[in-house]
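One structure below.
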Amino acid sequence: MTNRRGILLSVFYSGEEKSAVMKFYDPDNGEIFLIRDNTGHKPYLLTNAPPDSLEEVLSPSLAARLYRVTRVRKFDVLRDREVELTKVEAKDPLAIGGSSRNMREELTKRGFNVWEAKIKYYDCYVYDRGLIPGCSYQVDESGDVSRPKREVPVPPEFSHLDDKAKEILSSMIPLFDEPSPRMKSVAVDIEVLSTMDRMPDPSKPDKPVAAVAMVDSDGMKEIHVLARGGEIPDELPSGARILKYENEGRLIRSVLDRISQYPLVFTYNGDNFDMPYLARRARELGVRDWPVRLERDRALLDTGMHVDLYKLFSNKSIQVYVFNNRYLGYTLDEVAEALLGEGKIELGTRDFYSVGVRELAEYCLQDAELTFKLGNIGDGELIRLLFLLSRISKMSLEEVSRQGVSSWIRNMIFYEYRRRNWLIPEQNEIKAVRGERTYSQAIIKGKKYMGAIVLEPVPGVHFNVAVMDFASLYPSIIGRWKVSFETINCPHDDCRDNRPVEELPHWICRKGLGIVPYLIQALRDVRVRRYKRRAREEKDEHMRRWFDTVQRSLKVFLNASYGVFGYENFPLYSPPAAETITALARKAMLLSIEEARKMGLEVIYGDTDSLFIKGASKEEVERLEEAVESKLGIDLELEKWYRYVVLSKLKKNYLGVTVDGVIDVKGLLGKKRNIPLFVKRAFDEVLEILREVETPEQFEEAKKRVAETIRSYVKRLEEGDFSLEDLAFRTMLTRNLDSYKKTTPQHVKVARMLESMGKRVVAGQVIRYVKVRGRDGVMPLELANKSQIDKEKYLEIMRTTFEQILDSLDMDFDEIVRGRRSTSLEEFF
DNA sequence: ACGGGTAAGCC
DNA sequence: GGCTTACC
């Protein structure tokens, strides 16, 4: 074969080959293949140290690892000028940074400046060769890779953009129009023979691997088990094959061989457990040639792409924007229950020695099946998304599935800098040249600058309310006013009077410096004007779904695009830019409110980027849109129309019913996932009653039914007509137990009880507990008894939950309940 | 390991 | 009033 097609998945550095290696997926035969760099690319850093000084500045051992020293020209955006720097190439990446002794540190110690030395080598390689992970390439037998150049003319709907944004746009459209490949996949889960008191530790793999379950996309299910006596069937009722081994080494050998046959391998916590355990156990038992490449906190496969779903589901952006916050904890059990509606059936004990082989096999298979289903959720939605995130960020799929949104954005920006031969500035340099002080006062103690405006709601029931909002407000501001670390407080004297926010001393460049504002503008516009539309209008169902994933992945980047500039660990951290963005947002809100009032419209609430307007006509809404657009240059749009909205006196707390009868609940206690199901059900019933209300007249009748519903639940509470499960609170343990030192919140108290019983308790786990009478006040769900329940406490929970809406409906919880109080409750308590 | 603002329950 | 969690 002279020429083959390959989809670039990732780049890694091979210590054995001393070079970058590209990992491709061949969609024609479903295989993975590796291509070693053939361009002689070397790791490097940039410095202002003179070239001939290096031999003497560096210690002899490091000087020996120099490969080449040259001079290069770069554009320095912070000072708006060309610079000439020394490019120091090394024979291996660790010589640049990372290891205990490296060139970055030695040069810095001698007083020289160093740039671009903290970039991981595989990322550096991707930038310099202009590679786009996730995209299709032609690879010839000499190892040359090329991507067919597709010049896309800028579509007419983008004619309003600046040239810089247009250029970015036309480079991006081909990446988004190309669907991702389908890949065969397998999910793997292992169980180790461990005793109750000790969790198996992958750094000390002293216990044997007892079972490995694998489930693949062709419907194959198999479990490799270590025979330990007793009858073991050849098949489970589910149809899964059981393969028995007398020898653990053979078991691991065939498991590794099986894993090597798949281009895509899912695990749940495989980076830190399954893969290292298998690999280290293999080494211990003399099993050779394993495909697992162990790194500090990840495990890669040379034969495929390993996606650790635990890492992916722990990613906040994925949790919030992709799964709409539908899961709370990050354990396999929690996520599977929330997304698939399938929980795990736990074994009675963690002591696997006492569990029969067959039972262990079933348990192991269950985990592999859940992992498989999660990995393939939405008919491959997750993988499509990873491909897109990879193409936008120019980050390997393996990286993108393990890192957070700030890394994705960093990588996206660095790539654009290298593409233009711009010098990537260091964080301390940005601070020094452009300032780091903020001038606005945050409302929350300990925060660095002021954020958004939240209007005081007008409590009560309001009919006919239009909700208007600025779509992607912060990205729009970045694009409209060109705010970024590059443009803020620029070096030009004649830009100093360009201060869009009077109360802040910061000015913005008006000479077109920078890339980031154009990049963000391009992403925003391509999402709104191209892919959101195609996700609605495309005829072909597959392509429609693809376009929807495109617009969702763009949204993830846009939503975080402002936040990263206020995040102190972001390499392009810029507090002045961040505070200017929020200040402009406040200005936009205030101006819009002013415009609305001038038109005689009543604004009853608003939060950050939205305005609730009561009693407006369609024409008035349109007039307001136009007025704001012409004064500000950003779009205020009608988002939805509420038949009515119930505002409480609290901010970020309301309930609205749209004209199509869709109910929106924001911030109310009844919506929070940590409250007991019992209360949540009562709340949902009340919502259902309110949803049906169409006119003010119907409200009176609805209120009676609401009162009735609440009364019935209170009665059930008194009479003990509930299950313990329904009363359980679910609170996430966000840190490990030993780090709670200052106070002991209730869920931590419960977690400690669980731990003392020998149960495993880790960060990310959801603790389920009920409130009971007695000194502790709480108990783990599985330990409590119905007779211990503190009913008074639960009545209080119901009170606070319902008061949030009852107040605005002119109703009173006590009055509703009082009818019962004199009869039973009083005797009860 | 995106930001700030708001609210609730408990210590 | 601080800590912790969940939400906008």
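A note on names: the letters A, B, ... follow the listed sequences, proteins ahead of strands, and every chain is numbered from 1. Bear in mind that the values here come from a model prediction, so they are computed numbers and not experimental data. Any value given below was found using the heavy atoms of this structure, including those in side chains, with hydrogens, waters and symmetry copies removed.
- For the pair A:T734 and C:dT5, the criterion of a side-chain N or O lying under 4.0 Å from OP1 or OP2 is met.
- At the heavy-atom level, A:K671 lies under 4.0 Å from the strands shown only through sugar-phosphate atoms.
- In summary, A:R691 and A:E688 engage in a salt bridge, as defined by a charged side-chain N under 4.0 Å from a carboxylate O.
- Rounded to whole angstrom, the span from the CZ atom of A:R326 across to the C1' atom of C:dC7 amounts to 17 Å.
- One interatomic measurement links the two molecules: CD1 of A:I520 to P of B:dC2, which rounds to 16 Å at whole-angstrom precision.
- Heavy-atom distances under 4.0 Å link DNA chain C to no residue of residues 556-577 of chain A.
- For A:E725 and A:R768, the salt-bridge test passes: some basic side-chain N is under 4.0 Å from an acidic carboxylate O.
- Between A:K666 and A:D607 no salt bridge is recorded (no basic side-chain N to carboxylate O distance below 4.0 Å).
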In the 5'-to-3' direction, what one-character label does each nucleotide of nucleotides 6-11 of chain B receive under the scheme B = base within less than 4.0 Å of a protein heavy atom, S = sugar-phosphate only, - = no such atom? BSSSSS
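- Taking a cutoff of 4.0 Å between a charged side-chain nitrogen and a carboxylate oxygen, A:R799 and A:E796 qualify as a salt bridge.
- Note on A:K587 versus A:E503: no salt bridge recorded, every NZ/NE/NH1/NH2 to OD/OE distance being 4.0 Å or above.
- Protein atom CG of A:D664 is 16 Å distant from nucleotide atom P of C:dC7, rounded to whole Å.
- Separating the CD atom of A:E334 from the P atom of C:dA6 is a distance of 11 Å, rounded to the nearest angstrom.
- Between the CD atom of A:E639 and the P atom of C:dC8 there is a distance of 13 Å, given to the nearest Å.
- A:I581 comes within 4.0 angstrom of no nucleic acid atom, judged by non-hydrogen atoms across all strands.
- Distance, A:M589 CE to C:dC8 P: 16 Å, rounded to whole Å.
- In this structure, A:R673 places its CZ atom 9 Å from C1' of C:dC7, rounding to the nearest Å.
- For the pair A:R735 and C:dT4, the criterion of a side-chain N or O lying under 4.0 Å from OP1 or OP2 is met.
- For C:dT5, one of the phosphate oxygens OP1 or OP2 lies less than 4.0 angstrom from a side-chain nitrogen or oxygen of A:Y740.
- OP1 or OP2 of C:dT5 lies within a sub-4.0 Å distance of a side-chain N or O belonging to A:H747.
- In this structure, A:K741 reaches neither bases nor backbone, as no heavy-atom distance under 4.0 Å exists between it and the strands shown.
- Here the P atom of nucleotide C:dC7 and the CD atom of A:Q319 are 9 Å apart, to the nearest Å.
- A salt bridge is absent between A:D308 and A:R298; no separation between the charged side-chain nitrogens and carboxylate oxygens falls under 4.0 Å.
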